[in-house]
Every structure is written in C-alpha cells, then in structure tokens.
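Below is one structure, written out as structure tokens; the observations come after it.
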Amino acid sequence: MIRTFVALALWAALVSSSPVPQVDLALINGDTLPPRLSDFHFFADAGAQRPNARVMAYTLNTPLFSDYAEKQRFLFVPDGTKAAYRDNDVFDLPIGTAIIKSFGYPADFRNAAAPLKLIETRVLLRRASGWVALPYVWNADGSDAILKRSGTRVPVSFVNANGVNLSFSYAVPNSNQCKGCHDNGGALIPIGPKARNLNDGTQLQAMVKAKMLDRLPKDAPRVPVWDDPASGSINDRARAYLDVNCGHCHSRAGPANTSGLWLDWHQPQDANLGLGKRPTAAGRGSGNLDFAIAPGHPELSYLPFRMQSLDPGIAMPELGRQAVHAEGVALISEWIKTLK
Amino acid sequence: MKPIPFALAAAFAVLSTPLLAATLHVAAGPDAQERLQSALIEAQPGDTVEIGAGRFDLTDGLSLDVDKVIVKGASASATILSFKGQKGAGEGLLVTSDDVVLRDFAVEDSRGDGIKSKGANRIVYHNLRVEWTGGPKETNGAYGIYPVESTDVLIDGVTVKGASDAGIYVGQSKNIIVRNSTAMFNVAGIEIENSYNADVFSNISMHNTGGILIFDLPNLPQMGGHMVRVFSNRVEANDTPNFAPKGNIVASVPNGTGVMVMANRDVHVFANALANNATANVMVVAYKQSFTDPTYNPLPRNVVVRDNMHGRAGWAPGFEGGKELAAAMGGALPPIFWDGAGGPATNIVIRDTVPAISLGLAAYDTPIGAAKPGLIDSTSATPPAEPAPVVMPTSMEAAIR
C-alpha cells in the first residue's frame with residue numbers, strides 16, 4: 001500500500017516536473033526552414049488539435065473559400081509581446097508571431113461532430129527579416145506534417161452538406177503561390193487577422209484579456225458573416241465576401257492590381273469595382289461578356305462567370321479552386337441583381 | 001601565420017559570392033512538377049536552373065520568385081514544358097522576381113497565359129517558344145509571353161503561336177525591346193499596351209488577326225502609353241479570323257490588320273514590310289468605347305507612318321461599313337487608314353509612298369455612319385520628333401550574348 005502510494009507520488013512528481021512543451025520561439029525567429037510542423041511545438045498533441053500556451057484558436061466572420069476545406073486557425077504571439085490593434089489593416093504583429101492554419105475535411109459535412117482529416121497546415125512566421133510562408137503536408141497516419149515547399153496534390157473525397165459526394169485533386173500551394181495571395185506591394189503579409197473580420201463580439205476581447213492584443217476600441221469595425229442575412233445587408237455581405245476572397249489580390253497594391261479590378265472592402269462602387277468595367281487581360285476569362293459587373297445582370301457579368309468555372313484559364317480565384325463555391329456564386333449574383 | 005586583415009577577408013567574401021553560384025539540373029521524367037518547382041524555389045540569386053532536354057508533363061503552374069536566376073533549357077525545340085494536363089494556376093510559368101533570364105525552352109498548351117512576369121524588372125526572354133499545339137482556338141490561353149508592370153523588358157528571339165489574345169503582350173511596363181521574334185496564328189501577334197518607351201523591331205508577325213498593336217486602355221494603374229517605335233518588321237498576311245472571346249479589346253481587331261495604333265502618343269511606324277493585310281497595313285484609331293476615367297485620353301496623337309514597303313492591302317476591310325467604303329473607293333481601301341478622330345490637332349503624319357485615307361470622324365465616339373472619308377495629305381505637316389532608341393541595361397544584353 002505504502003509502496004503503491006510512493007510509486008504514485010513519484011509518478012506524479014515526474015509528470016509535473018516534466019516541462020510543459022513551449023512553442024519554440026528560437027525556431028520561429030531563426031533562419032531555418034523546419035522540416036516538420038511538430039518542430040515548432042505549437043500543439044500539445046501530434047494531431048495539432050490542442051494548442052500550447054499563447055497559441056489561440058480564432059475564427060473569421062467571413063472566411064476565404066478553399067475548396068470547401070474546413071480550417072483551423074491559430075495565432076501565437078510570444079510571451080511579453082502583443083499585437084498592435086489597427087482599424088483597417090492587418091494587426092501589427094510582433095516579431096516571433098506565428099499564424100497557423102490547418103486545412104482538412106470531415107468524411108461527411110452533415111455530421112458536425114466528425115473529426116477532420118487534415119491535409120495541410122500553412123505556417124506564417126514573423127521573422128525580423130519579414131514574413132515567411134511555409135506549407136506543411138500531413139502524412140498518411142496524421143502523426144505529423146512535413147514541409148513541402150514545392151506544393152503537391154492530394155486526392156480528397158467527402159460528402160458535402162447537401163449529401164452529395166465530391167472528389168477532386170486538392171492543391172497544396174507551393175511557397176511561391178503563398179505570395180500569390182499574401183503579397184502587398186512586394187512584401188509578404190498575413191491576410192486574415194484584421195479587426196473587421198476577427199470582430200465577432202467576443203474573440204478580440206479574449207485576445208486582449210490573454211495579453212495578446214494591446215487594445216480594442218469600442219467601435220472596432222466588423223464585417224458581416226457572408227451567409228448569415230441577420231448579420232448584414234446583401235451589399236455588405238457580398239462586399240465582405242469579395243474583400244476576403246478577392247480583395248487580397250484585387251486591390252491597388254495586390255498581385256492583381258494591373259487588372260484595374262479592385263474588390264477590397266474600401267473600394268468605392270465605381271468602374272474599378274467592376275461596374276461597367278471591360279476586360280483588360282482576362283483572356284478567356286471574359287466569357288464573351290462585356291463587363292466584370294453589368295449592374296442588375298449577373299448573367300451578363302464575367303465576375304460570377306469566372307467564379308463558376310473550373311477551367312484554370314478562366315477560374316477565379318486562381319488558387320484553391322478545384323470546386324465551385326455555389327453558395328458564394330449565388331450571393332454575388334443576387335448582389336449584382338440589386339445594383340443599378 | 002599572420003591573421004588575414006579584415007579588409008582582405010571582406011573582399012574575399014564579396015568575391016566568393018558569385019563563385020558559389022550553382023547550377024540546379026532538372027531532367028525529364030516522373031514527378032517533373034515537384035522537381036522543377038523545387039529547383040525554382042531552392043535556387044539562390046546567381047544560380048542557374050538548367051532544364052534538360054525532353055518533355056515535362058506538368059500538372060500545375062510553375063513559379064519563380066528569386067532574383068538573379070537563369071532558367072535555361074536545351075533549346076526551344078528540345079526542352080518542352082507541356083501544360084496539357086494542367087489543373088490549376090492562371091499561367092504556365094510565373095516570374096515575380098528581378099533580373100531573371102528565361103531562355104532556350106518551350107511552353108506548350110498552358111490553360112491560361114504561357115509565361116507571365118509581373119513586377120519583374122530587367123527580365124530577359126530569349127530563344128523561347130510558346131505554343132498552343134492545336135492551332136488557333138478560342139479555348140487557347142490568352143497571352144504567350146506576358147510581362148506586366150515591369151521596367152526593362154527584353155524579348156529576343158521568341159516564337160509564339162496560337163494565343164487567343166496576344167502572342168507577345170507587354171502591359172503597363174517601361175523601357176521595352178521586342179526584337180527578332182516571330183508571332184503567328186495569334187489574335188494579336190505583338191501587343192504593347194499602356195506602356196512607355198518601347199522598340200519593336202526585326203520581328204515577323206504573320207497569319208494573326210492583327211500583326212502589331214500599340215494600345216492604351218482606361219481604368220488601369222498605368223495609362224498614357226507613349227514613345228513607341230515599330231520598325232523593320234515583316235507584318236504580312238494577317239489573315240486568321242478573330243478567335244478572341246468577345247468583350248476583350250482584341251476581339252474588336254478586324255481580320256487583316258497589319259500595324260494598329262490606338263490611343264497612344266509619339267508612335268513611329270517606319271521601314272516595315274507590310275503586305276497582304278485585308279483590312280489595312282497600318283491603322284491609326286481612337287478608343288471608341290465609352291469610359292468614365294477622366295485621366296484617360298482615347299485619341300492617338302503624334303503618330304508618324306513613314307518609309308514602309310507596302311504590298312496589297314485593304315481589299316476586304318473588316319470593320320463596320322468597311323465593305324461599302326472599299327466599294328466606293330473602287331474595290332479597296334488605301335493601305336493606310338486613320339479614323340480621323342480629333343482632327344489635325346492630333347498630328348498624325350503619313351510619309352509613305354502609298355495613299356492614306358481618313359474617315360474624318362470628329363471625335364473618338366463619333367459613329368462610323370458619320371464618316372467623311374478623304375485622302376490624307378500630310379505634306380505640310382511637321383512630323384513630331386522620333387523617340388530615342390530604347391537601351392537595355394548592359395547586364396541584360398550581356399546575358400544573351
């Protein structure tokens with residue numbers, strides 16, 4: 001009995017004294033390209049589900065569509081530092097910050113409790129030299145994700161929310177393609193962590209409380225949830241959808257600036273938003289249509305035409321589009337009908 | 001042993017950098033996509049990615065984002081990057097870094113553009129071939145060679161066939177040379193759009209819908225295209241029916257157009273061999289569509305057309321009312337055609353041995369029905385000064401010497 005007790009006490013002592021794994025800040029700040037996701041110790045478990053200290057899960061009001069993949073987003077801000085709040089731009093994130101985003105699919109979207117089978121985890125590291133984007137691809141048994149800078153393709157198959165089987169070749173982007181979306185005037189930057197898209201009434205407050213965000217004004221901007229009519233007008237929801245899905249490229253400083261089609265949240269409703277705008281270098285993407293947006297007429301607008309195509313010479317966005325986002329197309333089409 | 005003085009050590013370090021330049025070889029075979037893309041990612045500035053002879057079957061677009069890299073194949077006929085099975089990305093190869101040299105390989109059947117470079121300064125395209133192997137089709141990609149938003153662009157010795165928009169397209173760039181290249185069976189052979197300071201010379205542009213286009217379009221970050229010289233080109237038999245998707249600006253180019261200048265200023269077209277273009281050998285026109293951009297000028301200004309050799313042209317003008325006009329002129333239009341928009345103030349000067357016609361349209365948006373055709377007489381006009389030759393940084397010319 002006593003022996004058992006001693007043994008138990010010893011075990012407890014061992015367990016409590018074994019160091020809780022901390023996020024490897026030196027690795028984030030270093031100049032190496034860690035070969036495995038687990039090298040960073042962002043998570044307490046091999047499956048990247050239980051975040052370690054100062055790694056906070058977050059969601060976005062209106063997320064980027066990526067072939068119907070479910071996403072798990074995490075933000076790590078080093079102890080003793082805080083993200084600096086900004087009204088319109090991405091928060092000013094301190095050196096040592098990491099943004100971790102996993103992509104995966106449940107076998108059946110109708111079963112909310114079904115676990116995700118993870119395909120890839122993308123990591124953005126804020127180093128002294130700037131942001132670095134690294135794509136990690138999960139191995140077959142889900143025990144770790146391996147750095148794959150050249151990208152790859154992974155066959156996926158799942159039952160969607162309507163009970164329809166979908167299968168296609170999921171594209172893990174290569175590290176150059178990361179810049180295809182994350183480029184702003186030549187610098188790689190994060191896209192998601194903006195006040196307006198994080199502001200859901202609770203999570204920014206939680207970030208302040210966790211000493212990861214320096215402040216939160218009472219009137220912080222907030223974009224609606226694209227598919228929740230209660231959260232905003234059709235105009236605001238469509239603009240939120242375009243902002244998140246298109247605006248990172250289609251903006252004055254983004255990779256698609258030369259198109260003259262700018263779809264970010266702050267773009268006024270004019271020709272550069274697409275109204276009466278003729279194609280520039282759209283090629284087949286114009287679909288024999290005269291305007292990006294023909295007000296009142298989605299059927300005459302090549303913006304929704306490109307959203308509905310799976311042809312790489314036509315499809316927009318150019319990445320993460322092996323499937324058509326039917327619900328997004330419906331929203332944008334409805335919005336175009338309301339325009340005059 | 002004495003310690004190496006610091007200055008010497010530093011000099012050695014600087015000298016040793018180019019010595020470390022590596023060559024990354026990529027051979028044809030399985031997993032071409034990952035091996036080639038890995039090399040393009042892992043290359044360091046100064047390195048060469050050498051692509052072996054053979055056919056590379058690619059499933060996605062390739063991209064390069066490292067400065068000072070040479071991507072070199074065995075030749076434009078021996079090293080073939082085939083995108084027939086491409087599942088994603090808007091182009092075959094995308095370059096977004098500076099001081100890159102692309103040479104001696106072919107890109108075939110990309111679903112979108114062939115090779116695009118964006119914000120890639122001092123880029124060299126040399127001895128390349130971009131081709132859609134099924135011939136001209138509306139389902140072909142838009143542009144073959146597509147540099148955009150770049151300063152110092154050298155395109156030398158490339159061949160592009162089958163683009164459903166423009167074979168060689170330079171957009172919103174500055175300081176450009178397109179030379180010794182061949183464009184065939186595209187909608188537009190060579191197009192310089194919204195660009196400043198371009199020399200287009202010693203090219204062959206045949207069997208496209210239109211041979212060489214110098215355009216400017218509204219609502220874009222860079223507008224006001226100017227200072228373009230088009231000379232010593234062979235622009236003949238542009239006779240492929242327009243297969244561009246409607247709505248695109250090149251869809252409005254009439255079949256049988258030789259050189260077309262639209263909404264640019266200080267464009268000089270001289271010493272070209274122009275023949276067998278059914279609409280016109282040279283066409284100078286305004287941008288006719290409605291636009292809202294107050295900073296945009298739709299008129300061509302200060303255009304000189306001189307000393308070209310003209311063969312047959314104008315027997316089947318492909319624009320609205322062209323047929324009737326040709327009939328009224330005795331069966332064919334003169335080889336040189338100006339829509340007249342903006343009148344004499346635009347200073348369009350023709351100094352060629354063949355007659356030239358103006359439609360006499362008052363403004364850019366005057367309908368063709370209001371045309372008052374007449375022959376152009378520029379004898380009393382003062383030709384505007386010719387732009388200075390475009391010169392590339394010496395490093396770029398040295399890269400292909």
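Throughout, a chain's letter reflects where its sequence line sits, starting with A, and its residues are numbered from 1. Here the structure is a predicted model, which means the values were calculated and not measured.
Contact of B:E34 with chain A is made through backbone and side chain together, with heavy-atom distances under 4.5 Å. Within the 4.5 angstrom heavy-atom criterion, only backbone atoms of B:L64 (N, CA, C, O) approach chain A. Using a 4.5 Å cut-off between heavy atoms, B:Q222 makes no contact with chain A at all. For B:Y146, the part lying near chain A is the side chain, with the backbone staying farther off; criterion is any non-hydrogen pair under 4.5 Å. For a residue to count as touching a neighbouring chain, one of its non-hydrogen atoms must lie under 4.5 Å from one of that chain's; by this rule B:T292 touches chain A with the side chain only. Using a 4.5 Å cut-off between heavy atoms, B:S164 touches chain A through its side chain atoms alone. When heavy atoms are compared at a cutoff of 4.5 Å, A:R321 does not approach chain B at all. For a residue to count as touching a neighbouring chain, one of its non-hydrogen atoms must lie under 4.5 Å from one of that chain's; by this rule B:K87 touches chain A with backbone and side chain alike. Heavy atoms closer than 4.5 Å to chain A are found nowhere in B:N194, neither backbone nor side chain. Looking at A:A281, both its backbone and its side chain come within 4.5 Å of chain B, counting heavy atoms on both sides. If you measure heavy-atom distances from B:F291 to chain A, you find no contacts under 4.5 Å at all.
Heavy atoms only, all atoms of each residue included: B:K246 and A:S286 are closest at O-OG, 3.4 Å. Closest approach of B:Q172 and A:T258 over heavy atoms only: NE2-O, 2.8 Å. Heavy atoms only, all atoms of each residue included: B:G247 and A:D290 are closest at CA-OD1, 3.5 Å. Taking all atoms of both residues into account, the shortest heavy-atom contact from A:R284 to B:P245 is CA-CG, 3.6 Å.
Inter-residue side-chain proximity for A:R149 and B:E42 is flagged as met; some heavy-atom pair is nearer than 4.5 Å. A 4.5 Å side-chain heavy-atom check between A:N176 and B:T96 finds every atom pair outside the cut-off. At a threshold of 4.5 Å between non-hydrogen side-chain atoms, the residues A:R278 and B:I249 do not count as touching.
The environment of NZ in A:K71 is crowded: more than 12 heavy-atom neighbours from other residues, nucleotides or ligands sit within 6.0 Å.
Counting heavy-atom pairs under 4.5 Å between each of B:I41, B:N140, B:L36, B:L217 and chain A puts B:I41 at the top. Residue with the most contacts toward chain A among B:S38, B:P221, B:A142, B:G112: B:P221 (heavy-atom pairs, distance under 4.5 Å). Counting heavy-atom pairs under 4.5 Å between each of B:Q289, B:Q33, B:Q86 and chain A puts B:Q289 at the top. When the candidates B:V148, B:V66, B:L220, B:D165 are compared by the number of heavy-atom contacts under 4.5 Å with chain A, B:L220 comes out ahead.
Checking side-chain atoms of B:N219 against main-chain N and O of A:N272 turns up no donor-acceptor pair under 3.5 Å.
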Inset, instruction - Take B:E149 and A:N257, measure what side chain to side chain contact (heavy atoms under 4.5 Å, CB included) needs, and give me the verdict at the end. - result: CA-CA 9 Å; B:E149 204 186 42; A:N257 64 326; 2.5 Å; yes
Inset, instruction - Output, in order, the C-alpha distance, side-chain angles, deciding distance and verdict of side chain to side chain contact (heavy atoms under 4.5 Å, CB included) for A:E318 and B:E91. - result: CA-CA 9 Å; A:E318 290 182 343; B:E91 53 279 309; 4.2 Å; yes
